[in-house]
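First comes the structure, then the notes that go with it.
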Number of protein chains: 2
Amino acid sequence: MDLVKREQSALEGLEALCHAKGLRITGQRRVIVQILMDADDHPDADELHSMVRKVDRSISIATVYRTLQVLEQMNIVAKRDFGDGRARYEISVGQRDHHHHMIDIESGEVIEFYNQELEDLKMRIADELGFDLVDHHLELFGTRLASAGD
Amino acid sequence: MDLVKREQSALEGLEALCHAKGLRITGQRRVIVQILMDADDHPDADELHSMVRKVDRSISIATVYRTLQVLEQMNIVAKRDFGDGRARYEISVGQRDHHHHMIDIESGEVIEFYNQELEDLKMRIADELGFDLVDHHLELFGTRLASAGD
DNA sequence: GTGATATTGATAATCATTATCAATTGATAT
DNA sequence: ATATCAATTGATAATGATTATCAATATCAC
Ligand SMILES: [Mn+2]
Ligand SMILES: [Mn+2]
Ligand SMILES: [Zn+2]
Ligand SMILES: [Zn+2]
């Protein structure tokens, strides 16, 4: 099963990377990663905290923030900025899952997309500017087309 | 002179748009726009406030924030996010000046660029997703290549 | 000039995120 | 299993950028 494989590798990745960096696997971290893996949207720290507390009431918001920070440095979690004031998070296992977001400015809906041409182009641009590309942010904002499908 | 023409059109644009929206032209707004037009970088509100106070000591930080907000809504100013915690601002007269930024994560240096291919592609992507593109954010982060020119 | 109202400066409030710190826990060696 | 010790946690204070409040002031159409 594809889903199971992905979840396993995420948890394995977590434990392996934790050991490699001298970090400890705690119950709190396990819960937070699990909740985030089960989420199919982009929760902020508070939303995540609420979900996490349904599993373990005692986990604090500080631990949620700290864990997200750790997971981000491990490239297990991606931190996103959709323009409202808070950061949003999602699982980002390996390089496979790289994608960007189209945000409907009327409904707030978020559509994910990946475009290889775009990835190539942005790499080429960086190269022409004399840079080694380390990271990039791209978000599109728009409104739904009132087309035939409407 | 090209520079003079741009400055004139920016100030004219300011006054015209202010009148159109029932906004008043104040000394504070004039100073803030002027300082921002003379800047060739991306100051944050505090940096801008410091520069503004050299012309008029009495202008408050609140007015700087408020003015930037007004100017942004008029599309005279673009608000940027380079990943440090504060917003940065720059003059953005008309559509002509649309551009993006390559940020050197080691030095903090910011290089501006424009790429038509990229603009076309991002428009095409939005269209394929069924969206009318209203805005987009794109920033590249990287390190200088250790190439021949070094 | 006068008057309605937009704007301002000073300052308090907000709100997301970080820092602090004593208490607890996980990993490792014995 | 127990001891050890650094990593982690929860509670809470602090931070820092931005926004809201409000009485005083300035702008502009008349
Ligand atoms: Mn996503
Ligand atoms: Mn710029
Ligand atoms: Zn990408
Ligand atoms: Zn663009």
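In the text below, chain A, chain B and the rest are named by the order of the sequence lines, each starting its count at 1. Everything numeric here is computed off the predicted structure, so don't read it as measured data. Note that these values count all heavy atoms, side chains included, but never hydrogens, waters or copies made by symmetry.
- Comparing dT8(D), dA20(D), dT17(C) by their closest approach to the side chain of R86(A) singles out dT17(C).
- Between the side chains of S50(A) and R53(A), not a single donor N or O lies within less than 3.5 Å of an accepting N or O.
- Between the side chains of H42(B) and E90(B), at least one donor-acceptor pair of N or O atoms lies under 3.5 Å.
- For R24(A), the listed nucleotide lying nearest its side chain is dG26(C); candidates were dG10(D), dG26(C), dG9(C).
- A donor-acceptor contact closer than 3.5 angstrom is absent between the side chains of N115(B) and E119(B).
- Among the atoms of the strands shown, none is found under 4.0 Å from any heavy atom of I61(A).
- Taking atom CD on Q73(B) and atom P on dT19(D), their separation rounds to 11 Å, with Å as the unit.
- Atom CG of D46(A) is separated from atom P of dT18(C) by 13 Å (rounded to the nearest Å).
- Of all nucleotides listed (dC28(D), dT18(D), dG9(C)), dT18(D) comes nearest to the side chain of A87(B).
- Map D56(A) and Q69(B) each onto its nearest nucleotide of DNA chain D; the residue landing nearer the 5' end is D56(A).
- Going from atom CD1 of I59(A) over to atom P of dA11(D) covers 11 Å, rounded to whole Å.
- Taking atom CG of D84(B) as the reference point, atom C1' of dT15(D) lies 16 Å away to the nearest angstrom.
- Ranking dA6(D), dT18(C), dT27(D) by closeness to the K79(A) side chain, first place goes to dT18(C).
- Considering only heavy atoms from C-beta on, T143(B) stays 4.5 Å or farther from F131(A) through its side chain.
- The separation between I25(B) atom CD1 and dA29(D) atom C1' is 16 Å, rounded to whole Å.
- Closest to the L23(B) side chain, of the nucleotides dA10(C), dT7(C), dT12(D), is dT7(C).
- Nearest to the side-chain atoms of R29(A) among the listed nucleotides dT9(D), dT18(D), dT17(C) stands dT9(D).
- Residue Q28(A) places its side chain closer to dT9(D) than to any other of dA6(C), dT9(D), dA19(C).
- Residue I32(B) contributes atom CD1, which lies 11 Å from atom C1' of dT7(C) at whole-angstrom precision.
- E15(B) places its CD atom 19 Å from the P atom of dA6(C), with the value rounded to the nearest Å.
- The base of dT7(C) has none of its N or O atoms less than 3.5 Å from a complementary donor or acceptor on the side chain of R66(B).
- For dT8(C), the OP1/OP2 oxygens have no side-chain nitrogen or oxygen of S60(B) closer than 4.0 Å.
- Nearest-nucleotide mapping onto DNA chain D: of T26(B) and Y65(B), the residue sitting toward the 5' end is Y65(B).
- H136(B) and H100(B) share a donor-acceptor pair across their side chains, judged by distance under 3.5 Å alone.
- Taking atom CZ of residue R30(A) and atom P of nucleotide dG26(C), one finds them 10 Å apart after rounding to whole Å.
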